[in-house]
Amino acid sequence: QVQLVESGGGLVQAGGSLRLSCLDSGRTFSAYAMGWFRQLPGKERELVAAITWGGGHTYYADSVKGRFTISRDNAKNTVYLQMNSLKPDDTAVYSCAADRWSYSGVVPTNSRDYAYWGQGTQVTVSS
């Protein structure tokens, strides 16, 4: 059974930084692309960043380019989201997700491409 568990959320002032972590257990983590999504109540889930299984390709939403960095440590079955220069608009529940297909050569950018989801961690940025 695949389980994704996020950690690292919290309250931070605008301009600050947070690093989110997502531990993947239950299958071969290194074979699957991973993504970080965020969602506000009443709004659609938004893909923030994604990374291929080998880490060679990444995707970032325009709203976070230059501020967020996604990375992975396949030896630790963990994907990270380093968030710098945080803004109040970044406030949301952040969830990690695992690709449906192994060894995909492209970065999955559609939520339907992801088969497993974490429970989410709250990130709140105060002004």
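Any value given below was found using the heavy atoms of this structure, including those in side chains, with hydrogens, waters and symmetry copies removed.
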For the student: nearest non-hydrogen atoms of Asp24 and Met34, plus distance
OD2-SD, 4.0 Å
Please assess Thr91 against Gln122 for the test side chain to side chain contact (heavy atoms under 4.5 Å, CB included), listing each intermediate value before the final yes or no.
CA-CA 8 Å; Thr91 296; Gln122 177 69 46; 3.9 Å; yes
Any idea which heavy atoms bring Ser127 and Pro88 closest together, and the distance?
CB-CG, 3.9 Å
Nearest heavy atoms of Ile51 and Ser71, plus distance in Å
CD1-CA, 3.9 Å
Judged by atom type as modelled, is there a donor-acceptor pair below 3.5 Å linking the side chain of Arg72 to the main-chain atoms of Gly55?
no
Could you see if Tyr59 belongs to whatever hydrophobic cluster contains Tyr114? Use Ile, Leu, Val, Met, Phe, Trp, Tyr and a side-chain cutoff under 4.5 Å.
yes
Hydrophobic clustering (ILVMFWY, side-chain heavy atoms < 4.5 Å, transitive) - are Val107 and Tyr80 grouped together?
no
State whether the number of non-hydrogen atoms from other residues, nucleotides or ligands found under 6.0 Å of Trp117 atom CH2 is greater than 12.
yes
Residues at least two apart in sequence or cross-chain that pass ring pair (Phe, Tyr, Trp, His ring centres under 6.0 Å) with Phe29, listed by chain then number, are none
Sequence neighbours left out, what pairs pass salt bridge (Lys or Arg N to Asp or Glu O under 4.0 Å) with at least one residue falling in residues 98-116?
none
Please verify the inter-ring angle class for Phe68 with Tyr94; under 30° counts as parallel, over 60° as perpendicular, anything in between as tilted.
tilted
Gap separating the CZ atom of Arg67 from the CG atom of Leu86, nearest 0.5 angstrom:
6.5 Å
Spell out, as yes or no, whether a donor-acceptor pair under 3.5 Å connects the side chain of Thr28 to the backbone of Ser30.
no
Which heavy atom of Asn84 sits nearest a heavy atom of Ser17, and at what distance?
OD1-OG, 2.9 Å
Under 4.5 Å between any side-chain heavy atoms of Glu6 and Gln119, yes or no?
yes
Would you compute the distance between atom OG of Ser111 and atom CG of Leu47 and round it to the nearest 0.5 angstrom?
9.0 Å
Tracing side-chain links under 4.5 Å among I, L, V, M, F, W and Y, which residues wind up in one group with Trp53?
Tyr103
Indicate yes or no for a side-chain donor-acceptor contact from Gln39 to the backbone of Ala92 under 3.5 Å, with no hydrogens or angles considered.
no
Side chain proximity check, Tyr32 to Tyr116, heavy atoms < 4.5 angstrom:
no
Ala49: side chain to side chain contact (heavy atoms under 4.5 Å, CB included) partners, not counting sequence neighbours:
Tyr60, Ile70, Leu81
Other than Leu11, which residues form its hydrophobic cluster under the rule that side-chain heavy atoms must be closer than 4.5 Å?
none
Is there a side-chain contact between Met83 and Val48 in this structure, where contact means two heavy atoms from C-beta onward sitting under 4.5 Å apart?
no
Under 4.5 Å between side-chain heavy atoms, hopping through other hydrophobics if needed: is there a path connecting Val79 to Val123?
yes
Enumerate the residue pairs fulfilling salt bridge (Lys or Arg N to Asp or Glu O under 4.0 Å) with a member in residues 36-53, sequence neighbours excluded, ordered by first and then second residue.
Arg38-Glu46, Arg38-Asp90
Sub-4.5 Å side-chain heavy-atom contact between Cys22 and Trp36:
yes
Is a side-chain donor or acceptor of Thr52 paired with a backbone partner of His57 at a separation under 3.5 angstrom?
yes
